[in-house]
Amino acid sequence: MFIKNNNTRAALIALLALGSAAAWPRVAAAETVLRIGMTAADIPRTLGQPDQGFEGNRFTGLTMYDALTSWDLSSADKASVVIPGLATEWKVDDADKTKWVFKLRPGVTFHDGSPFNADAVVWNVEKVLKQDAPQFDASQVGVTASRMPTLASAKKIDDMTVELTTKEPDSFLPINLTNLFMASPAKWQSFYDKAEGADAKAKSQAAWTAFARSASGTGPWKMASFTPRERLELVKNASYWNKARVPKVDKMVLLPMPEANARTAALLSGQVDWVEAPAPDALPELKQRGFKLYSNEQPHVWPWQFSRVEGSPWNDIRVRKAANLCVDREGLRDGLLAGLMVPASGTFEPGHPWRGNPTFQIKYDKAAAQKLMQEAGYGPNKKLTVKTQTSASGSGQMQPLPMNEYLQQALAECYFDVQLDVIEWNTLFTNWRRGAKDPSANGSHATNVTYAAMDPFFALVRFLQSGMAPPVSNNWGFINNPKFDELVKKARQTFDPAARDAALAELHAASVDDAAFLYVAHDVGPRAMSPKVTGVVQPKSWFIDFSPVSIAQ
C-alpha cells in the first residue's frame, strides 16, 4: 500500500477507523451497493442546483434530477452531444430568435408522485430568475443563472409546451439548459406550507433547507439518506421514465474523500468500490492487484486564468506568452501524472471544429520564453512575482498541489517567482464568481479553476466576453477585448451549425493568440475501481452515467 508521508498515514488510520458499523453500510445480501469516493470535501448540494462545480452536477444533479436537454453519455468513442431530456423537441422562432418553443415529455412524474409539466418548468426557471417568486432562492442563482445568462423568462403554452425567451438571440440556449435541473414544485410547496418564519422569504429558505434533506426530482436515482460532509445514499428509481436507464444496482453511496492517497487507500482496503482521481504513484499497485482503471480525454481544461485588472503582471502579452512557453507539459504528463493528462495548447486541440488556426503555437520553448521575459524587463536578477489561488483538491482539479508546484519550479527558470494561495475547493469555486477585484482573491494575479469545454458558453464565452465579468459569470480576470466581444456576438447569433462552428473557431484562435490563459492540461477523468464493478462506460465527457453500472456481491 502506498503511504507517502505521516499526514497520509494519519488520514489512512482515520479512514480505516471509519470501517465501523456506524460509518459504513450494512446491507442485506440481496441488495447491491456501489460505494464511490469523490474528490469533493463535502456532499454537493442536493436541492436541485448543486455546488462543487461539475462534480456536483455529476453526483447530485444528473443522478436525482433531469433537465430539458441532456448529454449523451452512452459512448466511449464519440463526443458527447446534447439530446432530448425532459423536452422531446425544441425550435427557435423563425420570426423572433429570442423565443424558443419546447415540447415536453409526457407521462413523467417526480419522485414524490406529482406530475412533470409546463407549470413545473416555469416554476424551476423562476426559482433562479424571478426574485419576487415565492420559490426564488438566491443561493441557487450563482451556479445556474451564470451558466445560462441570456435566459429571461418562461411561459406556459399548454400542459406539455413552454416558451422560453432570451435577452438576445442565443443559439447556445439548448446546450445551456442541461444545467437547469427540475425539482418538484409540489414537494417544495409541502415544506413551504409547514415552514415557520417571520416572512415569506424566511419560510422559503426553510422550505429549501427541508427539500435538500428530502429531495425530489425526476432522475434515475432517489435520495435515501443524507449526512452532510459524510455520505449521501441514493437508491434506484425503478419507475424512471427512461426504462433503458433504470439503475442496475440497488443503492449508490457517495463519500467525500478530498485527499488522493486517502481515496486510493480506501479502494485498496475495500472500503469503497470506486474512486475518482486515484493517486498517480499508486497506479502500478492498483494494476498489479487487479483493479480496473478508466480514463478518456475530456473536454476539460486545467489552466491558470489570468487577472487583467489594472496593475496585473499578466497585462503584458509577452509575459503571458512566456509562461505558456516555459512549461514542459509532456514532462508533466509522463512524470508526475503517470500519463493521466493530455497536454493543452489551447481550450481545443487540432482536429476539433472549434480549434481554428492560431498563429501563436503553445509548446515548450524555454529559450523563447526567457527572451520574451527579458524583453519585458525581467531576468535572473529581477524576478516577476505572481500569485495564484488554487485548491488542495476538488472537481476536475486533478492533482492541484503537485501540479502547481511543478509549474512553480518550471516558471522559476523563466524568471517568475510563483506564490501559491491554497484554499478549500468550494471556497475557490465561490471566489471564482467574485472575480480578481474581490477581497476573496487575496491579491492573486491568477486563479487555478478547471473548466468544462463541452459547449461554446462554458468553453469560451463566459471567460472572454467583457459582459461576463463578475457577478454575471466567470470572467474572473475582467478581460475586456472588443475583438472577443464581436466574435462572441457573431457566434451566438449564428444559428446555422457550420457557420456557428466557424465563428467559434475564430474566437478560439484569437484567444490563443492573445495567450488569454496559461493552458496546461486536458483532464482524462481517471477512475479506479474494484474488478467487481462492470458495465462502466467512460465517455468523452466530464459526466458519466451510473445507470448501466453493476457490481457483483
Side-chain angles (χ1 to χ4, degrees), residues 301-337 341 343-347 358 360-392 397-423 428 431-432 435-437 440-451 463 476-479 481 511-522:
V301 186
W302 196 100
W304 279 5
Q305 189 175 350
F306 299 136
S307 168
R308 300 299 302 279
V309 303
E310 185 177 355
S312 170
W314 299 113
N315 285 335
D316 189 329
I317 192 171
R318 295 170 297 185
V319 172
R320 299 197 301 274
K321 286 186 173 181
N324 273 287
L325 293 172
C326 197
V327 177
D328 181 2
R329 295 163 181 81
E330 285 75 15
L332 174 63
R333 176 195 62 199
D334 298 336
L336 177 67
L337 294 179
M341 65 165 269
S345 62
T347 296
F360 174 51
Q361 299 301 310
I362 294 175
K363 58 186 178 180
Y364 180 45
D365 189 339
K366 186 169 68 173
Q370 290 174 335
K371 184 173 183 290
L372 283 167
M373 288 295 284
Q374 289 167 343
E375 291 174 0
Y378 303 99
N381 299 318
K382 185 183 178 182
K383 300 290 185 73
L384 175 60
T385 299
V386 292
K387 185 177 184 180
T388 297
Q389 198 166 72
T390 186
S391 64
Q397 295 290 88
M398 301 173 68
Q399 307 295 333
L401 288 185
M403 291 173 73
N404 274 293
E405 288 166 356
Y406 181 95
L407 294 187
Q408 189 177 49
Q409 294 173 21
L411 293 174
E413 298 184 13
C414 298
Y415 321 130
F416 289 91
D417 176 17
V418 175
Q419 300 176 358
L420 299 176
D421 181 24
V422 183
I423 60 177
L428 178 71
N431 293 356
W432 195 33
K437 297 178 182 179
S440 64
N442 197 22
S444 295
H445 308 115
T447 188
N448 170 220
V449 181
T450 58
Y451 64 91
F463 305 123
W476 178 89
F478 293 84
I479 288 173
N481 186 322
S511 69
V512 173
D513 287 341
D514 195 55
F517 284 9
L518 172 53
Y519 303 96
V520 178
H522 299 287

Chemist: Would you confirm whether Y406, through its side chain, and D328, through its main-chain N or O, come within 3.5 Å as a donor-acceptor pair?
Modeler: yes
Chemist: Could you tell me whether the side chain of Q305 reaches within less than 4.5 Å of the side chain of Y451, counting heavy atoms only?
Modeler: no
Chemist: Can you check whether L332 reaches V520 side chain to side chain, under 4.5 Å on heavy atoms?
Modeler: yes
Chemist: Under 3.5 Å, is there a donor-acceptor pair between the side chain of K387 and the main chain of N442?
Modeler: yes
Chemist: Salt bridge check, R320 against D514: does any charged N sit closer than 4.0 Å to a carboxylate O?
Modeler: yes
Chemist: Between G435 and A441, what is the shortest heavy-atom contact and its length?
Modeler: O-CB, 3.9 Å
Chemist: Would a distance-only check, ignoring hydrogens and angles, find a side-chain to backbone donor-acceptor pair under 3.5 Å from S312 to S307?
Modeler: yes
Chemist: Looking only at side chains, do N431 and W476 share a donor and an acceptor under 3.5 Å apart?
Modeler: no
Chemist: Determine the minimum heavy-atom distance between F360 and V512, stating which atoms define it.
Modeler: CD2-O, 3.4 Å
Chemist: Determine whether a donor-acceptor pair (N or O, by modelled atom type, separation under 3.5 Å) exists between the side chain of N315 and the backbone of V309.
Modeler: yes
Chemist: Taking the side chain from Q374 and the backbone from G379, do they hold a donor-acceptor pair closer than 3.5 Å?
Modeler: no
Chemist: Please check if any side-chain donor atom of Q397 sits under 3.5 Å from a side-chain acceptor atom of T450, or the reverse.
Modeler: yes
Chemist: Would you call I479 and F463 a side-chain contact if the rule is heavy atoms closer than 4.5 Å?
Modeler: no
Chemist: Measuring only between side-chain heavy atoms, which start at C-beta, is K363 closer than 4.5 Å to L325?
Modeler: yes
Chemist: Taking side chain as C-beta onward, heavy atoms only, is Q370 less than 4.5 Å from Y415?
Modeler: yes
Chemist: Using every non-hydrogen atom in the two residues, find where C326 and Y364 come nearest and quote the distance to one decimal.
Modeler: O-CE1, 3.7 Å
Chemist: Are V319 and L372 close enough that some pair of their side-chain heavy atoms sits under 4.5 Å apart?
Modeler: no
Chemist: Among Y378, W304, W314, whose ring-ring contact (aromatic ring centres under 6.0 Å, His included) with F416 holds?
Modeler: W314
Chemist: Using every non-hydrogen atom in the two residues, find where A521 and M341 come nearest and quote the distance to one decimal.
Modeler: CB-CE, 3.6 Å
Chemist: Search all heavy atoms of M373 against all heavy atoms of C414 and return the closest pair with its distance.
Modeler: CG-O, 3.3 Å
Chemist: From D421 CG over to N448 CG, what is the distance, rounded to the nearest 0.5 angstrom?
Modeler: 11.5 Å
Chemist: Report the distance from atom CD1 of I362 to atom CZ of F517, rounding to the nearest 0.5 Å.
Modeler: 11.5 Å
Chemist: Given side chains that start at C-beta, do those of H445 and T388 come closer than 4.5 Å, heavy atoms only?
Modeler: no
Chemist: Start with the C-alpha gap between Q408 and L420, add the side-chain angles, then the distance that decides, and say whether side chain to side chain contact (heavy atoms under 4.5 Å, CB included) holds.
Modeler: CA-CA 8 Å; Q408 189 177 49; L420 299 176; 4.1 Å; yes
Chemist: What distance do L411 atom CG and K366 atom NZ have between them, rounded to the nearest 0.5 Å?
Modeler: 11.5 Å
Chemist: For residues T390 and P400, report the shortest heavy-atom separation together with the two atoms involved.
Modeler: OG1-CB, 3.9 Å
Chemist: What distance separates Q419 CD from N404 CG, expressed to the nearest 0.5 Å?
Modeler: 13.0 Å
Chemist: Looking at NZ of K371 and CZ of R318, how far apart are the two atoms once the value is rounded to the nearest 0.5 Å?
Modeler: 10.5 Å
Chemist: Rounded to the nearest 0.5 Å, what's the gap from CZ on R329 to OG on S345? Could you check?
Modeler: 8.0 Å
Chemist: Quick check: are there more than 12 heavy atoms from other residues, nucleotides or ligands sitting under 6.0 Å from NZ of K383?
Modeler: yes
Chemist: Is there a donor-acceptor pair closer than 3.5 Å between any side-chain N or O of R308 and the backbone N or O of F306?
Modeler: no
